[in-house]
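The model shown is predicted, which means the values in this text are computed figures rather than measured ones. Here is the naming used below: chain letters follow the sequence lines, and residue numbers restart at 1 for every chain.
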2 protein chains.
Amino acid sequence: MIIQIEAESDIPIYTQLTNQIIEGIARGEIAPGDSLPSVRAFAADLGVNMHTVNKSYHELEKKGIISIVPKSGAIISPTERISEEKKQQIITDLKPVIAEALVLGVNKKEVQEFVNTILGEMKER
Amino acid sequence: MIIQIEAESDIPIYTQLTNQIIEGIARGEIAPGDSLPSVRAFAADLGVNMHTVNKSYHELEKKGIISIVPKSGAIISPTERISEEKKQQIITDLKPVIAEALVLGVNKKEVQEFVNTILGEMKER
DNA sequence: ACAACTGTTCTATAATTCATAGAACAAATT
DNA sequence: AATTTGTTCTATGAATTATAGAACAGTTGT
């Protein structure tokens with residue numbers, strides 16, 4: 001899996017890393033049961049600080065995407081049934097992006113096409 | 001249009017305001033040509049600082065959603081043809097949210113339903 | 001058993017962001 | 001003429017982001 005960090009971005013490095021790991025899982029490049037690199041090795045690889053990678057891992061754990069085994073490693077969790085609360089959070093996150101698209105002149109059909117394009121890049125789990 | 005600001009949220013106040021204004025336009029509650037309240041009046045209404053509202057207005061202007069006429073007011077811009085670059089930005093913004101949904105166990109069909117639910121709340125322009 | 005590696009925790013620093021506050025200016029509105 | 005407008009300036013305090021180094025204790029590989 002290729003990770004690309006942009007230091008100049010307004011998105012924090014640990015968030016960029018979190019998102020790209022999630023997208024890697026969604027694409028099927030890494031699967032449940034797989035281990036993520038150690039925080040030190042990954043940090044050295046990316047050219048960032050160990051604590052930055054650690055923060056990303058804990059963000060992923062909080063989201064329920066990986067489980068960190070102390071003194072061992074970070075393992076991608078199996079997919080479970082999502083709660084109604086988390087579904088609502090997804091909708092809340094989607095809403096501002098879709099609203100902006102419509103306001104900027106994207107029509108509804110095109111929004112659906114955008115979503116389908118993205119879904120096409122990802123694996124059904 | 002009802003604006004609800006959550007001071008405890010991890011989302012900055014000016015971003016919350018920006019998003020809710022965009023959603024108000026998307027729902028058709030406010031339309032191109034309409035004026036937004038003055039930064040001072042809006043700030044007093046919301047119980048936040050004038051500069052916070054001002055920051056939101058400038059964010060909206062940068063996105064091409066309103067036009068600020070100095071010494072006059074902020075007016076919602078008419079919808080124009082969106083550039084290919086902005087379309088790509090929309091897709092870039094959608095991607096992490098959709099990827100997270102899939103990883104958390106939402107299936108593709110359900111993602112499409114989420115999007116359609118949101119689109120149903122908004123007006124075609 | 002030993003060495004290497006693991007995540008954790010602690011202190012520390014610098015830059016940036018977020019939100020607030022007050023004041024003053026010049027143009028537009030009433 | 002008085003009020004309201006967005007703009008600009010300085011200022012402050014809290015929080016966030018990213019880095020750095022050190023030490024600890026458990027796990028893993030040889």
Estimate the overall bend of the helix from dA1(C)-dT30(D) to dT30(C)-dA1(D) from the end axes over five pairs each, rounded to 10 degrees.
40°

Give a yes or no on whether the backbone of V48(A) and the side-chain of T52(A) come within a donor-acceptor separation of less than 3.5 Å.
no

Is the distance from OP1 or OP2 of dT17(D) to the nearest side-chain N or O of K55(A) less than 4.0 Å?
yes

Please check if the side chain of Q20(A) supplies one atom and the backbone of Q4(A) the other of a donor-acceptor pair under 3.5 Å.
yes

Hey, is the main chain of I68(A) close enough, under 3.5 Å, to the side chain of E61(A) for a donor-acceptor pair?
yes

Go nucleotide by nucleotide along DNA chain D from the 5' end; which of N49(A) and P70(B) gets its closest nucleotide reached first?
P70(B)

For the backbone of K95(A) and the side chain of E23(B), can you confirm whether one donor and one acceptor N or O come within less than 3.5 Å of each other?
no

For DNA chain D, which residues in residues 6-24 of chain A have a heavy atom at a distance below 4.0 Å?
P12(A), I13(A), Y14(A)

Within the structure provided, determine whether K55(A) and I13(A) are in side-chain contact (heavy-atom separation under 4.5 Å).
no

Identify the residue among D45(B), L17(B), L36(B) that makes a side-chain contact (heavy atoms from CB on, under 4.5 Å) with V53(B).
L17(B)

Counting only N and O atoms by type, is there a donor-acceptor contact under 3.5 Å from the side chain of N19(B) to the main-chain atoms of Q16(B)?
no

Tell me whether the side-chain N/O atoms of S38(B) come closer than 4.0 Å to OP1 or OP2 in dT5(D).
yes

Can you check whether T52(A) has a side-chain N or O nearer than 4.0 Å to OP1 or OP2 of dT19(D)?
yes

Would one find a side-chain N or O of N54(B) under 4.0 angstrom from OP1 or OP2 of dG6(D)?
no

